[in-house]
2 protein chains.
Amino acid sequence: MIPEAVIKTLSRSTPSKIVLLVMDGVGDLRREGETPLEAASTPNFDRLARESSLGLTDPISPGITPGSGPAHISLFGYDPIRYQIGRGVLEATGIEMKLGPADVAARGNFASMDAEGKLTDRRAGRIPTAENERLIRKLSEAIREIDGIEVILRTVKEHRFVAVFRGKGLDGRVADTDPQILGRRSLDPEPLAPEAALTAETARKFIERMNEALKDEHPANTGLLRGFASLPHIPSMEELFKLTPACIAVYPMYRGLAGLVGMELLAVEGETPADEFEVLRRNWGRFDFFFIHVKKTDSYGEDGNFDNKVKVIEEVDRALPLILELKPDVIAVTGDHSTPCPLAAHSWHPNPFLLRSEYIRGDRGERFTEAECARGVLGRFPAREALPLLLANALKLEKFGA
Amino acid sequence: MIPEAVIKTLSRSTPSKIVLLVMDGVGDLRREGETPLEAASTPNFDRLARESSLGLTDPISPGITPGSGPAHISLFGYDPIRYQIGRGVLEATGIEMKLGPADVAARGNFASMDAEGKLTDRRAGRIPTAENERLIRKLSEAIREIDGIEVILRTVKEHRFVAVFRGKGLDGRVADTDPQILGRRSLDPEPLAPEAALTAETARKFIERMNEALKDEHPANTGLLRGFASLPHIPSMEELFKLTPACIAVYPMYRGLAGLVGMELLAVEGETPADEFEVLRRNWGRFDFFFIHVKKTDSYGEDGNFDNKVKVIEEVDRALPLILELKPDVIAVTGDHSTPCPLAAHSWHPNPFLLRSEYIRGDRGERFTEAECARGVLGRFPAREALPLLLANALKLEKFGA
C-alpha cells in the first residue's frame, strides 16, 4: 500500500478526466444460477466491458464487511483503518450538517424511562419524525450552550437525532450512555481519555438539562447518546491527489462522505441515474474527477429484492451512454461493497471492478459481472488501490524513485 | 508482507540454486491485438511456461510506476518504501562508484551563468563527455577536500557528473541548488534537517570554489547539485536470506543496485543474453542465487520500438536453453516494471511472472505472456513477495511458528 506521503509527491494536476461510477452494493450472489448483474440485460455495460480491464476489489480486506463510511473512504483512496469516521460524525454527515474541527457529534435516541429513571423503551416507541422535530425545537430553545460550549441539535428521523457540542477543548473519546438493556438507568458519559473530561462533563450536564426539559413529555421523556466522535483530520483529495473533484449523489450520507474529502457537492434535480449523468454533462468542464453514486442497487439489496435490483442495473445501463459520450479519459465502474439479496445486508464479498482508458491491457471479459471480473487481468486488489490506478491511467502520477 | 525480522529467522542456506532472470521492462500493451511477448516467437519460453506456474507482480502497488531503483529493490526482496535510494546515490551507483556509509553523493550538472550569476543554460549546451572529463580533472585538482571533508568528482556523461563528499558528520538531507528555471541564480544548498548543517556548508563552499575554478571556462562556468543522498542501510541478501548471490548484468546501474544488497558482481564480456548466460555457466558452482539482468527489452520499450523489443525477447528465448541445461532448482522469469511501447516510458502495469521448480502447482498457461500470467495460478502479488516464494520453492525457508 503506497503511503499517503509518497503519493502526495507523485500526483500532478493534468487536464485528463476521470469518472468513478459507484453502484452501491451492486455485487451479489446467485439466484437460480445468476447474480443480478448476470440476470440484467446490459448491452451498454457489455460493450464497455469488452473495451475494459476487469478485476475485483476488497473494500477493506477479505472477509470484512464494511459500513458505507469505510467502504467509500477506501474508494476515495484513503486508508479506512486510519480514517475511521465515528458514528456521531457519520450521522451528522448523513443529514448534511457541516462539522468543524472543534465539534464533537453524537447520535441521539429519544427514549422512555420510569419514575426511578429506569429505561422502559430505548426508542420511545419510535415516535413520528414530526414529534421528534417538535421536541428538538423545544430542547434547542432550552439548551443553547453549556458553560460556553455551544449545543446544536438536529432531527434525523423517528426517534433519532444528532447532538453536536462545539467549543474549545472537546474530544470525542466519551463512552455511550445507552446501557443497551431495559430496566437500567442510562449510563454516565464517562471520559475514555483524560483529554475528554470536559466533553464528558458537558454531555452529563446536557443530559440533566434535557431530562428536565422533557420531564412532562410522553413517551419521549429522555434521550440516549452514542458514538461520540470528532471529525478525523483527512487531507483533501486536492491536497493528496491534486484533483479537482466533484460529487454527484442524491443521498445525503454519500454527499457528506464526499464532502469530508473535499469534493464539491453538485446539486442533483431528480434522482434517476439519467438525472445524475445530466449533472455530469453540465459540469464536465469544471472538474477533473467525478464520483457518481447510484444508491438503489444497495437499497434493493438491503430489501432482498432481486428483481428490482436487476431493474436498477438495467436503468443505469440505459443511461450509461450519457457518460460515455463525454469521452472520459478514464472510467471506472464498481460498487463500494456488495449487498447480496440473500443476505439483505452489506457483505464481505469483493466488488466487481471495471476500468477503461487508453492504456489498459486488453481483457477477455464479455460482461461486467462478478464472475467475469474474478477472471479479469486486474486480479483482486484492495479498493483503496483503485484510486492510484485511476490516476495512473489518467497519466496523473509521476514515477516513484529514479 | 512478511517482516524482515521474521524472514531472517526462517531462511537457511542450502545447496539448491535459484536463477532470477529479469527482462527489464518486458511487460507491455497490445499493438494490433498483441503485446511484444505475444508477438514474439518463443518456443523455449512456451515450453518453460507449460512446466511453470504463472502470475503477475506489482513492483510497488497498483497504479505506481517505479524507477529502476525501487523496482529492483522489490525484486531483491526488500520493502521499496523503506529502502529508498536517493538520486545522488543512484547516479554514483550507475557509474560503479563504491560508496561508504560516511558518504553523501549528489548529481551534478555543468551549467552556464552570466556575469551576474544568473543561469543561461542548465546543461551548459550538453558539452561532450570528453570536455566533462577535462573539467572534472581540473576541479579534482583544485578541490581535494573542504575543511577535512574529502571531495570526489566523477564524470557521468555529457554535462552530468557526480560529487561525493566523504567524512564524519555528513547527512544527505540537503536541498537542490538547481532552481529549475533560467534567469535565476542557483540556490544555496540549504540543510533540510539540523543534522545536515555541515553537509550544506561543505556543499556551499564547494560551489564557491568550483565557480572560482571554472570562471574562465565556456560554456560550463558553473555547476548545479541535486539529489543529495547517503547510502540507505540495507541488510545484505546474505544476512537476511542466507544466500550467496551473484549479479550478471551489463549496465552499471543494475550492477550498482545489486551491489547495494551485497551481490557479487560478475564480469560480463560482450553484452548479448548468450554472453550473460555463459557467465552463469562459468560461475554455476560458486553461488546459490543468480540475478541475471537483460536491459534491452526496456531500452526498446523506452524508444517505443515494438519490433526491436520483439527481437530482443526472441534473442533471450534462443539463449534460454543455456540456463535450463544447468538445471536450476528454481527459475523465475519476470520484469522489474513494464515499459510499454505506446507510453515509451516505465509504467504501472504489473509484470508477467513465471516460476518453475519441483514443487509448483500446475498451471494451464501455454505461453509466457501478460494475458496468460493474468490467468495464472499464482495470481497477482507484490513483487517484493517474489523472493520469499523463490526461497520457498528452493526449500530454503523453515516453517513459521510451531
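Each chain gets a letter, A, B and so on, in the order the sequences are listed, and its residues count up from 1.
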Check [X] against [Y] and note the closest heavy-atom contact, atom names and distance.
{"X": "A:P388", "Y": "B:P62", "value": "CB-O, 3.5 Å"}
{"X": "A:A392", "Y": "B:G63", "value": "CB-O, 3.2 Å"}
{"X": "A:Y359", "Y": "B:H349", "value": "O-NE2, 2.6 Å"}
{"X": "A:E385", "Y": "B:S61", "value": "OE2-CB, 3.7 Å"}
{"X": "B:W348", "Y": "A:L389", "value": "CD1-CD1, 3.9 Å"}

Are the side chains of [Y] and [X] in contact, using a 4.5 Å heavy-atom criterion?
{"X": "A:R361", "Y": "B:P350", "value": "yes"}
{"X": "B:R380", "Y": "A:L378", "value": "yes"}
{"X": "A:L395", "Y": "B:L343", "value": "yes"}
{"X": "B:D58", "Y": "A:F381", "value": "no"}
{"X": "A:I7", "Y": "B:I64", "value": "yes"}

Discussion item. Between A:V377 and chain B, with a heavy-atom cut-off of 4.5 Å, which part of the residue counts as in contact: side chain, backbone, both or neither?
Written reply: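 It is both, since atoms from each part get that close.
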Worksheet entry | Proximal component of A:I2, with respect to chain B [non-hydrogen, under 4.5 Å] |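 Contact with chain B involves both backbone and side-chain atoms of A:I2.
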Item to complete: Calculate, to the nearest 0.5 Å, the distance between atoms CG and CD belonging to B:L29 and A:E358 respectively.
Response: 10.0 Å
Worksheet item: How about A:Q84: does its CD atom have over 12 heavy atoms from other parts shown lying under 6.0 Å from it?
Response: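 More than 12 heavy atoms, drawn from other residues, nucleotides or ligands, come within 6.0 Å of this atom.
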Fill in: chain A contact via B:I73 - which portion, at a heavy-atom distance below 4.5 Å
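The answer is neither part of B:I73.
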Worksheet item: Relative to chain A, which segment of B:S338 carries a heavy atom at a distance below 4.5 Å: side chain, backbone, both, or neither?
Response: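 Side chain of B:S338 only, per the 4.5 Å heavy-atom cut-off to chain A.
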